[in-house]
Structures are given as C-alpha cells and as structure tokens.
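Please read the structure below before turning to the comments.
Just the heavy atoms: all of them, side chains too, but no hydrogens, waters or symmetry mates, feed the values below. Quantities reported herein were computed from a predicted structural model and do not represent experimental measurements.
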Protein chains: 2
Amino acid sequence: MRDVKPRLRQLEALMAVIDNGSLTNAASELNISQPAVTRLLTDLGNNLGFSLFDRRNGRLIPSQETRFLQPDIRRVLELMQQISDVSQELTERRAGHLRIACLPGFATSHLPNVVATFLEKRPSVSMTIEPDRPERILEWMIGEQYDFGITDDFAGHPAVESTDVQIRTVCVFPQNHPLETLDVITPADMANENIIHTKQNSEFFIGLAKAFQSAHVEFHSRVETRQFTAACELVCKGTGIAVVSALDAAKYVNQGLQFRPFRPIMPHQISLVRPITKQPSMVALEFIADFEQSLTPFLA
Amino acid sequence: MRDVKPRLRQLEALMAVIDNGSLTNAASELNISQPAVTRLLTDLGNNLGFSLFDRRNGRLIPSQETRFLQPDIRRVLELMQQISDVSQELTERRAGHLRIACLPGFATSHLPNVVATFLEKRPSVSMTIEPDRPERILEWMIGEQYDFGITDDFAGHPAVESTDVQIRTVCVFPQNHPLETLDVITPADMANENIIHTKQNSEFFIGLAKAFQSAHVEFHSRVETRQFTAACELVCKGTGIAVVSALDAAKYVNQGLQFRPFRPIMPHQISLVRPITKQPSMVALEFIADFEQSLTPFLA
DNA sequence: CCTTAATATAACATAATGTTATAATAAACA
DNA sequence: TGTTTATTATAACATTATGTTATATTAAGG
C-alpha cells in the first residue's frame, strides 16, 4: 500500500541517530543491527522526499529539514511512550477517570476522606463527584452517566445493580447536654427533647417513629430535614437532638457535638449502585471495593 | 522482539473503530479487510493488557480504559499527519527556518521587503535576521551559525562561498537642493558641498576619493559613517550630501531625500555569503535565489 | 425460522523490519 | 604511503507485522 506517512520505527531510528551521533551507535541503542538502521532511514528519506542527513567526513549530520521536524518527531515518540505508560497504569488501576454520584451529605462527610486516600497513591486517577437527590442519582445510573452512586431509599431497578449497606446510627446532642451522662440513649431518654429528623416519607423516619411509638413516648418534631449533615449542624447550634448515621456524626464531634449509641438499633440503609449495562473500568471496581471497605467501622 | 509499545497501525485501527462505530465500518475507512482490523485490535488489546472494548448487542463499544487513552491516541495520529504535511512543505520549500546575518543597513532597507514578500506565501517558514558588522558576519559564516549573509568588503575566505553583486550608487541630497536641476552629478558638481561618506578604509570610499582626485576636485569630508542608511538620514537633515547605494536611497525618497545618477559609475559591491561546509536547506536556497533576483533593479 | 449484520478464526500472501556477510568510503596512525 | 580502524551501504535471506479470502460464529430483525 502507498502511504506517505512515515512509520514509527523509522522515526525512532532517526531520533536515535540524532541523539547518538552515528548509525552504528543508534543501532546499539535500538538493539538492532547497523544495516537495519540504514535500511529504515533510507526508506524514510525516500518516503519523505528530502535528504535526512548531510555527509561530513564519512559521517551523517542531520540536515536542516530533519532538524526542523525534530521537535514534532520527539513529541510523537514521547506520546507513544506515554500511551504505553498510561496503559500500564490503567492495567494496574493507577489511571482512569471515575464519575461518582452521591447524596449531598456524602459529598461533605465520609466520601472526601475515602477519595483523598484513594487518589493520594494514584496521581493519574481523576474523579467527578456530583451530589444530588436520590431521584437524580437513579436517573444517572439508568442513563449510564455515572460509574458509581451512593444513595438511599433505593427500591431497586432492573438496570441498576446495588449493594445495600446498613450503617449504624447514633443519637447526637450538643456538648454539655444532660444526655452526656448516659451510655446508651433510648426513646424514653428523648421524651422531653426537640427532635430533628429526616423526611417523614423516608424509610428511616418511619422506623424511628415506630420505635418511639413502641416505647409509648411522644415524638416532639421540631425540624424536618433531608440530610443528616444538616441535622448535625442544627444540633451543634442547640436547636434540638437527632438520630443520624454514625459516619455523619463522626464528622461533627470536633464541632461541639456529642453522640451515644441509640437503642433500639436503627440502621440507616444506604445503597451502593452501578449501571448494570455499563462495564465498569478497572479503577472504578477498585474504588467501589475500597469504599465498601471504608464503611466497615460504621456497620450496624 | 518484545516491545510493549503499541504500533501506529494498531492505534489507527482503534481510532477508526471509535470514530466509525464498528469494525466493519472501520475497515472500509482504512481501506483494509474487516479481519485485518480484528487482528490489529486483538493484538493491541493483548499488548496493552486490558480490554479495548465491551460487547453490546453483538457490537463493540469502547471500554472506559480506551476512552481514557483516546485524547493521547488522537494526538499521536494528528502529529503523525502533521509530520507528513510538514515534510511535504519542506520538500516544496514551504516550511523551514532560515538564519540570515546582514549589515545593519540591510535590516532596515531592502531586506525587509524581500523577506515580507517571501514569507507571505509561506506561512510555515520562519526566519532569524541578525544585523551586525562585517567581521561578525564572517565569523558566523565560518562557524556555520547562519545560513546566509549579506555583507561588504569581503575579501574571500576558504570556508565561505560568496557571490559578489555590484549595486548601483547615486548621489543623494535634500529636497529643493540646487543639484535637483541636474540629470547626472559629477565630482565637479559636488565641489562646494559637505560630503557624508563611508569609513575611509572601505573599498567604496577609496574609489570615491580617487574619482574626486581624478577630477581635480577637493573632497570636503564632513561626516564619516559606516552605514549608507545613516548617511541618508543625515542628508535628510541637511548635514550634507552623499553617494550611497541605490537601494538605500530608494527607502528615503519619501522622507525628503532626492537622488541623481552619479558619474563616474561607482558600484558598491556587496557579497552574498554562505558557509561552504553547511548544506543549505531547500528553502534557504530558494530565498537566496529570490534575494539575488530582487537586486536586479539595483545592479550597476 | 430465515435473513442480515457484525465479529472471529484459519490459511495464505505481502510488506516491513531485522540478520549476517561483505563491500565501499574516509580518517587516523605508523 | 600503506595499514588499520571506524562508519556507512548493499545483498541475500529470515522473521514479524499486516493484509487477503474464505468461512464460522453470534446476535438482532423481520
């Protein structure tokens, strides 16, 4: 076939002669015989249509045309090496891009620590993190727009693969609160408190309300909010007390918030989701495994 | 040989599949058979160590690893095409870089017009123009640091190839000067004028002085300067009159300077020089030819 | 169930790259 | 000035990469 474009091996040979000063040295550098280098360069010169070298004292000196092309040729060879290097990194899950959708609370609580740790040892990995409502997260999974999702109240979907995780919850209250004296908090202990809680149609709230009802304790609703992190903020400000997931509570301990185990055990179920029809990248699989592992200390 | 780097043809095949949506279409695009594309990609996948494609409905969808590499691969293919294109331009003398050394006067008189015209039709050609003294220009030629030199008072050198050009000279004087009434100016006409002239050890000055001596006319030296352009500036300012090369005079006509032919004919010899030991680029040869041609209207 | 589309495999052909042997050219050295 | 060394070029052959035709396999569409 007649193709006017030079071949990579030819450019490698050319650069080797430029860098090493002679055909003989270039051959040594490339681990091929000297006539092979001569052949490659003869073919290349004929292909390009100009003399690659001048002849000086029986040796080859790069022509000015060759020097003019040199930066581009070097760039090509560097890019090829980079493709090779990045491929190796991809195989070793040290390169790639992940797109993660999560509940807003996760973007500012547990997830950043896991991401930072993961990226620390993987300079060639990058991520997009998009917080949004569970409805939107589901849309993105179905539309294959994200590699991984962290959501709750997920009832399942044929196009979405999910892993449910039961996160331990705790009762949170402001520092120097009388509840500090208790080792475990029950609905009875919360009888005279203002309660900050999640949306009343959420699975978690329904369970919590039942726990109070079973204990014959009045539930004093003060603030309804979607995110555990918002609840924690309000608790810090003395608006009331709340039952939230342990990994949200952990973030606020140094901000004037205290917590104790809550009884009955009320796990908050989150779902780790992935589009069934989208083949995950190797690095995505590794991150998802790491993320699941990171939840271990918070399991119910 | 075991080489982990991918081959160019393989990357071309990969990009063709990404761009065209199927192996079958890629084969058509590359003008090869479909099994050839399959072979290239199978080899590439084995080489890189990860799956290039996912399989969806019996068709191939680029994997996320492939998508991650895509910008680099595209860049390599673009660069290869660019090398091919630039090579073509080099062959057609439409690309390259020239380094020109010239007498200071040339950098602001005749040369810029020639350069501008030359570059107008050659967007991929670039130049370095360095004005300096004849001694330095000679050094640069001997040291092969410049492709081309425009100098004078060049007595020859074994390492320097030169072409001598006799440039017509003219007598220049300010506008509204009595000499305006003459068609030709002789030393006799300049008897009562202040003369601005070149260095007294220059060939040109020696010749001019002899012309005055032969005519038995006193030479009123007022200013000695190296450059014809500086002489022209002084003439414009009424400091005196001068005999200078026609191509310098031409530049000052619109600045209040007038000129007339001088007799006896006193050509100013310039030398177009080039390092003998440095092979000129194709574009350099073309420029030198153009430059010589551009002097035709100014030949003695 | 048949047809069409797309991909994979096998066997063979061609082109590109590589080897060994040796010739040609030029510089260095005695 | 002749010999030795260094460097490049050429020839003949070998290996690898790429390409072909023929055909099998898989999946979707009608």
Looking only at heavy atoms, what is the nearest atom pair of A:Ile137 and A:Cys102, with distance?
CD1-C, 3.4 Å

Which pair of heavy atoms, one from A:Asn47 and one from A:Lys5, lies closest together, and at what distance?
ND2-O, 3.5 Å

Filtered N/O pairs between nucleotides 25-30 of chain C and protein, under 3.5 Å:
residue	atom	partner	partner atom	Å
C:dA27	OP1	A:Asn57	OD1	3.4

Grab the [atom1]-[atom2] distance between [X] and [N] for me, whole Å please.
X: A:Asn46; N: C:dA16; atom1: CG; atom2: C1'; result: 14 Å
X: A:Ile32; N: C:dT20; atom1: CD1; atom2: P; result: 12 Å
X: A:Arg56; N: D:dT8; atom1: CZ; atom2: P; result: 14 Å
X: B:Gln10; N: C:dA16; atom1: CD; atom2: P; result: 16 Å
X: B:Ile61; N: D:dA28; atom1: CD1; atom2: C1'; result: 14 Å
X: B:Asp43; N: D:dG19; atom1: CG; atom2: C1'; result: 12 Å
X: A:Leu41; N: C:dA16; atom1: CG; atom2: P; result: 16 Å
X: A:Glu12; N: D:dA17; atom1: CD; atom2: P; result: 13 Å

With side chain to side chain donor-acceptor pair (under 3.5 Å) as the criterion, how do B:Gln34 and B:Thr24 come out once you've worked through the C-alpha distance, each side chain's angles and the decisive distance to 0.1 Å?
CA-CA 5 Å; B:Gln34 171 261 311; B:Thr24 311; 5.6 Å; no

Ring-face cation contact, A:Phe118 with A:Arg122, 6.0 Å cut, 45° max
yes

Think B:Arg274 forms a cation-pi with B:Phe148, using NZ or CZ under 6.0 Å from the six-ring centre and within 45 degrees of its axis?
no

Hey, what bend do you get for the helix from C:dC1-D:dG30 to C:dA30-D:dT1 if you fit axes on five pairs at each end, rounded to 10°?
20°

Within residues 20-28 of chain A, find the residues that approach DNA chain D with a heavy atom at under 4.0 Å, and present them sorted by residue number.
A:Ser22, A:Leu23, A:Thr24

Base, sugar-phosphate alone, or nothing: which one does B:Arg55 contact when heavy atoms must sit under 4.0 Å apart?
sugar-phosphate

With a 3.5 Å cut-off and sequence neighbours excluded, list the donor-acceptor pairs that the side chains of residues 126-134 of chain A form with protein atoms.
residue	atom	partner	partner atom	Å
A:Ser126	OG	A:His97	ND1	2.7
A:Thr128	OG1	A:His97	NE2	2.9
A:Arg133	NH1	A:Glu135	OE1	3.4

Minimum-distance nucleotide to [X] side chain [options: [options]]:
X: B:Thr38; options: D:dG19, D:dA12, C:dA8; result: C:dA8
X: B:Arg9; options: D:dT21, C:dT7, D:dT18; result: D:dT18
X: A:Pro35; options: C:dT20, D:dT21, C:dA11; result: C:dT20

Is a donor on one side and an acceptor on the other found under 3.5 Å between the side chain of [X] and the backbone of [Y]?
X: A:Thr151; Y: A:Ser271; answer: no
X: B:Thr91; Y: A:Leu48; answer: yes
X: A:Asp147; Y: A:Arg99; answer: yes

Under 3.5 Å, which N/O atoms of the protein pair with N/O atoms of nucleotides 1-3 of chain C?
none

Compare all side-chain heavy atoms of [X] with those of [Y] and state whether any distance is below 4.5 angstrom.
X: B:Val273; Y: B:Ile150; answer: no
X: B:Val37; Y: B:Ile32; answer: yes
X: B:Gln269; Y: B:Asp152; answer: no

Applying salt bridge (charged side-chain N to carboxylate O under 4.0 Å, His left out) to B:Asp19 and not counting sequence neighbours gives B:Arg74

Are B:Arg56 and A:Glu144 close enough for a salt bridge, meaning some N to O gap below 4.0 Å?
yes

Carboxylate-amine/guanidinium contact A:Lys278 A:Glu161, below 4.0 Å:
no

Would the base of C:dA6 count as contacting B:Gln34 through its side chain, where contact means a donor and an acceptor less than 3.5 Å apart?
no

Check whether any side-chain N or O of B:Arg39 sits under 4.0 Å from OP1 or OP2 of D:dG19, and answer yes or no.
no

Any side-chain N or O of B:Arg7 below 4.0 angstrom from OP1/OP2 of D:dT18?
yes

